[in-house]
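Computation of the quantities below employed the complete heavy-atom set of this structure, encompassing side-chain atoms and omitting hydrogens, waters and symmetry-equivalent molecules. Position 1 is the first residue of the sequence, and the numbers go up from there.
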Amino acid sequence: MECIENMELIKKLVGKTITESNLKNVDCYVYDKFALFIQAAGFCEFAIKKNHSHPSYMIIIEFGTDDFLIPPRIKLKKNYYLASILSPEIPHEDKGTDFPNYYTIMIDREYFEQNFQMYQSEIPVYKGHQFLICHDVLKMLHLFAFESSKNMKNSDVTLECQTKLLTHWIIRSLLEENYDMRSVSSNERIGRIQTYIELHCGDNLTIYDLANNANMSVSNFNRLFTREVGASPKNYLTSVRLNKALKLLRRNDFSVSEIAVQCGFSSLSHFSSAFKKVYDMSPSDYREHYQK
């Protein structure tokens with residue numbers, strides 16, 4: 001896609017002073033309130049300007065190299081990319097790199113905030129906040145790029161849907177509600193049990209209950225679930241419970257003991273032990289750290 005076709009949209013998202021020359025090394029894919037920029041022949045010349053800012057939210061997703069644009073300040077996980085977000089009008093300066101190891105996304109401020117407030121009312125000011133985003137987001141970004149570059153009939157319909165889906169995926173990842181699509185089984189029975197676990201993780205579930213729900217023996221269920229999902233039913237159930245606990249800990253509605261009960265842990269000590277094993281801190285420390 002030639003950037004010149006969308007320069008007015010690009011200026012609304014990136015900044016009025018950006019020029020076509022600034023983007024000579026970059027492939028641009030733009031639709032209304034969402035833009036994707038991919039390094040093709042080198043770095044974006046606008047990005048390395050001193051103390052520049054954008055009227056929209058900027059998200060950078062890094063991948064494929066250990067030479068990070070922004071050094072990781074969080075623990076990386078398998079099947080996830082390092083991402084960072086910058087709120088509108090925050091002055092910054094990126095380093096120039098000739099390697100196409102990151103994608104830049106710009107999302108219209110009003111559009112992003114309208115969707116963000118569907119999750120929580122208060123919108124933080126992000127100054128390079130880092131978070132993890134599932135590898136599968138690249139597939140969606142490539143679909144967006146393909147659709148926006150082909151000018152196909154009714155492409156505005158699909159691009160609008162893709163814009164909303166990508167925006168929500170980014171927001172969910174930002175709020176640590178992300179997931180790895182590859183962990184969702186294509187097997188009907190296992191996929192149904194995964195959904196059941198998500199809905200009933202606070203109940204006193206046993207492997208026998210889950211196997212019975214799948215109409216399978218315990219041994220066959222254990223074997224098939226582990227093969228399809230990449231984790232045993234017991235470990236998967238624990239991860240779902242911990243993920244729910246993370247969301248509750250970020251709020252002050254319940255005590256740590258109440259959260260342990262709501263998430264299906266047999267005791268506070270069991271909850272604390274499982275939490276610390278995964279996150280290297282106690283639930284109370286996590287809540288304090290998140291609030292800071």
Is the backbone of G15 close enough, under 3.5 Å, to the side chain of H54 for a donor and an acceptor to pair up by distance? no

Backbone N/O of L13 and side chain of S56: donor-acceptor pair under 3.5 Å: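 The answer is yes, because a donor-acceptor pair under 3.5 Å joins these two groups.
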
Quick check: do [X] and [Y] have side-chain heavy atoms less than 4.5 Å from each other?
X    : Y    : answer
L23  : I10  : yes
F116 : L174 : yes
I85  : F112 : yes
T163 : F144 : yes
P283 : S272 : yes
Y111 : D32  : no
L242 : F271 : yes

Test: salt bridge (charged side-chain N to carboxylate O under 4.0 Å, His left out). Region: residues 102-119. Which pairs qualify, not counting sequence neighbours?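 Pairs touching residues 102-119 that pass the test: R109-E113.
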
Would you mind listing every salt bridge (charged side-chain N to carboxylate O under 4.0 Å, His left out) that reaches into residues 231-249, with sequence neighbours excluded? none

Side chain to side chain contact (heavy atoms under 4.5 Å, CB included) assessment of F37 paired with M58: CA-CA 11 Å; F37 300 97; M58 181 178 75; over 6 Å; no

[X]: what forms a side chain to side chain donor-acceptor pair (under 3.5 Å) with it, not counting sequence neighbours?
X    : value
S284 : none
T226 : none
R192 : E188, N213
S255 : E258

Gap separating the [atom1] atom of [X] from the [atom2] atom of [Y], nearest 0.5 angstrom:
X    : Y    : atom1 : atom2 : value
L237 : I193 : CG    : CD1   : 11.5 Å
M106 : C28  : CE    : SG    : 12.0 Å
Q120 : L175 : CD    : CG    : 5.0 Å
L132 : L82  : CG    : CG    : 7.0 Å
D280 : K75  : CG    : NZ    : 5.0 Å
D203 : I197 : CG    : CD1   : 11.5 Å

Verify side chain to side chain contact (heavy atoms under 4.5 Å, CB included) between I90 and V125, making sure each step is shown before the conclusion. CA-CA 9 Å; I90 301 294; V125 176; 4.0 Å; yes

Out of curiosity, does [Y] fall in the hydrophobic cluster containing [X] (side-chain heavy atoms, cut-off under 4.5 Å, transitive links)?
X    : Y    : result
L143 : L165 : no
Y126 : I133 : yes
F34  : M118 : yes

Identify the heavy atoms of [X] and [Y] that sit nearest to each other, and give their distance.
X    : Y    : answer
S87  : P124 : OG-O, 3.9 Å
K139 : D136 : NZ-OD1, 2.9 Å
R287 : L249 : NE-O, 3.0 Å
L141 : L36  : O-CD2, 3.7 Å
A35  : V30  : CB-CG2, 4.0 Å
S257 : L268 : OG-CD2, 3.5 Å

Run the numbers on V240 and Q194 for side chain to side chain contact (heavy atoms under 4.5 Å, CB included), then give the verdict. CA-CA 9 Å; V240 171; Q194 286 183 275; over 6 Å; no

Under 3.5 Å donor-acceptor pairs involving side-chain atoms of residues 152-160, not counting sequence neighbours:
residue	atom	partner	partner atom	Å
S155	OG	M152	O	3.1
T158	OG1	E147	OE2	2.7
T158	OG1	S155	O	3.0

Could you work out, with salt bridge (charged side-chain N to carboxylate O under 4.0 Å, His left out) as the rule, every residue matching R250, not counting sequence neighbours? E176

Show me the donor-acceptor pairs within less than 3.5 Å that the side chains of residues 215-225 make with the rest of the protein, sequence neighbours left out.
residue	atom	partner	partner atom	Å
S217	OG	S219	OG	3.4
S217	OG	N220	N	3.2
S217	OG	N220	ND2	3.2
N220	OD1	R223	NH2	2.3
N222	ND2	V218	O	3.4

Tell me every residue that passes ring-ring contact (aromatic ring centres under 6.0 Å, His included) with F146, counting only those two or more places apart in sequence or in another chain. none

Below 30° counts as parallel, above 60° as perpendicular, anything between as tilted: where do the rings of F131 and H129 land?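 F131 vs H129 ring planes: parallel.
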
Measure the acute angle between the ring planes of Y279 and Y286, then classify it against the limits of 30° and 60° as parallel, tilted or perpendicular. tilted

Chi angles and distances behind the side chain to side chain contact (heavy atoms under 4.5 Å, CB included) call for Y81, H135: CA-CA 6 Å; Y81 292 128; H135 281 190; 3.5 Å; yes

Expected list for residues 259-267: side-chain donor-acceptor pairs under 3.5 angstrom, two or more places apart:
residue	atom	partner	partner atom	Å
S266	OG	H270	ND1	3.2
S267	OG	S269	OG	3.0
S267	OG	H270	N	3.1

Quick check on Y119: does its OH atom have over 12 non-hydrogen neighbours (other residues, nucleotides or ligands) under 6.0 Å away? yes

What residue pairs, at least two apart or across chains, pass ring-ring contact (aromatic ring centres under 6.0 Å, His included) with a residue in residues 7-28? none

Does a donor on one side chain sit under 3.5 Å from an acceptor on the other, for N22 and T19? yes

